[in-house]
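What's counted below: heavy atoms across the whole structure, side chains too, no hydrogens, waters or symmetry copies. These numbers were taken from a predicted model, which means no experiment stands behind them. Just so it is clear: chains get the letters A, B, ... in the order the sequence lines come, proteins before strands, and each one is counted from 1.
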Amino acid sequence: MIRLYNTLTRKKEDFQTLEPNLVRMYVCGVTVYNDAHVGHAMSALVFDIIRRYLEYRGYTVKHVMNYTDVDDKIINRAKQLGEDPLKLSQRYVEDYARDMRDLNILPATSYPQVSRTMPLIIQFIEGLIQKEAAYAASNGDVYFSVTGDEDYGKLSGRKLDDMQAGARIEVGEAKAHPMDFALWKAAKPGEISWDSPWGKGRPGWHIECSAMNLAELGEQIDIHGGGNDLIFPHHENEIAQTESYTGKPFARYWVHNGMLQMGGEKMSKSLGNMVSIKEFLQKRDADVMRMLVLSSNYRAPLIFSEETQDAAEKSLERLKSALRPVSVSANGLAAEAAAALVSQADSAKQSFIDAMDDDFNTPLALAALYELVKTINTARDQGATNDQLKPAQETLRELTGVLGLRLQEKQGAGGADRFVELLVEVRSEVRKQKLWQLSDLIRDKLKELGVTIEDSKDGTQWRWS
RNA sequence: GGCGUCGUGGCCAAGUGGUAAGGCAAGGGUCUGCAAAACCCUCAUUCAGGGGUUCGAAUCCCCUCGACGCCUCCA
């Protein structure tokens, strides 16, 4: 039984889907007006890992991720660049998709966009007005009425009375209650807008997700995810809208990832302390980012530093070490030891599943994998043949694959391998003649060129590093 | 000011009542011409601090200190 932490109840709960074997999962995506950063990568990776694991456990996952392509920031940026806002956002939609692909994140089932959901959004707002959960104001805006929603605040644990509305928010003259939020914003002159019963305008931030959810997944969903900075007001307001509209509980499980931290602060567009996904991938492999995310609980803040990145890289090397073949002179394990290897692989797999079942406890799951690594490496040291090692290695491949790790050995530039082979061969001759200085020189120089050489009794192995 | 999450060895981190997993780093060893890799051994009487509950607490309660997030756009 899978258990997962539900922000709504602040408890771990047994995972039970609305429909057997089907998971409806909606994850709040990004506002597309700039390069995505590693914080976005963290969130995307968390839900990619969850999705992969649910699929591994036999579920079909309908995974919806939206793009906010109509928004103040997009409009402002477009104005700066003298570009059409929808063209600008579309460019970044495609850019984001590339980033996701480069991070080895599985494509979502669908990617709704605000600009393409307009009729449904308007219909949704009309429905809310009919139910008197919302009202059209004199200025052309439409607001959701929080006072009419009895359990408003249940996700974030806030009470209307506690919230110091107006302290930092400009209370619009037209709002009946300071915490009422916009479903529809009247267009300012020259702004991109859509026709509506309330005049030209565009949707507020929260309504889009309610509408797209309804369109893509229906009135009720299993998992609603996003960064924990979205809990309030975004997700709180989504619940308010959708439940007022449908009269049914919206998402069964609210899942939120912790923030990625740079030097003690969260990374965000507004703080300007961000590292883009592209910048990251120029320096490190996609697996490194994923390993970083795996190394701590998804709900906890993730420290993004050179030190933690280095550690993640080392951890990957460790996993890879178990996947390497045996040396040529392996004598083979006794049947008993070979059987033990297989059973240890099985128990590692069970530990892995137990860990992941418990709210996707990836650090614990990794611990199970490290144990398997040690088992495999020990067997290799004791003379296991490749055939004997293979089942355990395949288990390791399977489980790291569930986490989305590729564990690829680095490749050399086209055709370079042949020349490395040649050098290694020559060096072996040199070593036979015990010309150690020369052979060490070759080893050092190759190291500088990214080739690691390892000598053993059975000869020399090399790889790109 | 309010709401929430959290504080475990040099670093990352698991552990929610039964006596501290794992990884990295470090030190020693096996192997090696030397390295590297792999393997073996060592590495927190202690879980921010102080009270309390309990036969027993890192785990529950209270207080203090500290960090972070949200309350305004944010993954």
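Residues forming a salt bridge (charged side-chain N to carboxylate O under 4.0 Å, His left out) with A:Lys154 (at least two apart in sequence, or on another chain): A:Asp151, A:Glu243. Checked against salt bridge (charged side-chain N to carboxylate O under 4.0 Å, His left out), A:Glu398 has the following partners two or more places apart in sequence or in another chain: A:Lys349. Listed by chain and residue number, A:Asp359 satisfy the side-chain hydrogen bond (donor to acceptor under 3.5 Å, both in side chains) test with A:Arg299 (two or more places apart in sequence, or in another chain). Scanning for side-chain hydrogen bond (donor to acceptor under 3.5 Å, both in side chains) contacts around A:Asp72 gives A:Arg202, with sequence neighbours left out. Every side-chain contact (heavy atoms from CB on, under 4.5 Å) that A:Ser115 has, sequence neighbours left out, goes to A:Asp69, A:Val70, A:Leu86, A:Gln113, A:Trp194. Listed by chain and number, the residues in a salt bridge (charged side-chain N to carboxylate O under 4.0 Å, His left out) with A:Asp357 are A:Arg57 (sequence neighbours excluded). With sequence neighbours left out, A:Arg427 forms a side-chain hydrogen bond (donor to acceptor under 3.5 Å, both in side chains) with A:Asp455. Checked against side-chain hydrogen bond (donor to acceptor under 3.5 Å, both in side chains), A:Glu371 has no partners two or more places apart in sequence or in another chain.
Atom pair A:Lys11:NZ and B:U5:C1' shows a separation of 17 Å (rounding to whole Å applied). One can place CG of A:Leu435 at 15 Å from P of B:G33, the figure rounded to the nearest angstrom.
With ring centers used as reference points, A:Tyr92 lies 6.0 Å or more from A:Tyr33.
Across residues 380-392 of chain A, A:Asp381 each have a non-hydrogen atom less than 4.0 Å from an atom of RNA chain B (numbered order). Near RNA chain B, meaning a heavy atom under 4.0 Å from it, residues 443-461 of chain A has A:Arg443, A:Ile453, A:Glu454, A:Asp455 in order of number. The stretch residues 92-115 of chain A has no heavy atom under 4.0 Å from RNA chain B, so no residue of it qualifies as close.
Within 3.5 Å, a donor on the side chain of A:Arg431 pairs with an acceptor on the base of B:G33, or the reverse. With hydrogens and angles ignored, a donor-acceptor pair closer than 3.5 Å exists between the side chain of A:Asp440 and the base of B:G33.
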Is there a salt bridge (Lys or Arg N to Asp or Glu O under 4.0 Å) between A:Lys185 and A:Asp141? Walk through the geometry before answering. CA-CA 5 Å; A:Lys185 295 176 170 180; A:Asp141 287 355; over 6 Å; no

5' to 3', nucleotides 16-29 of chain B under a 4.0 Å protein heavy-atom cut-off (B base, S sugar-phosphate only, - none) gives -----BSSSS----

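Using a 4.0 Å cut-off between charged nitrogen and carboxylate oxygen, A:Arg98 and A:Asp102 do not count as a salt-bridge pair.
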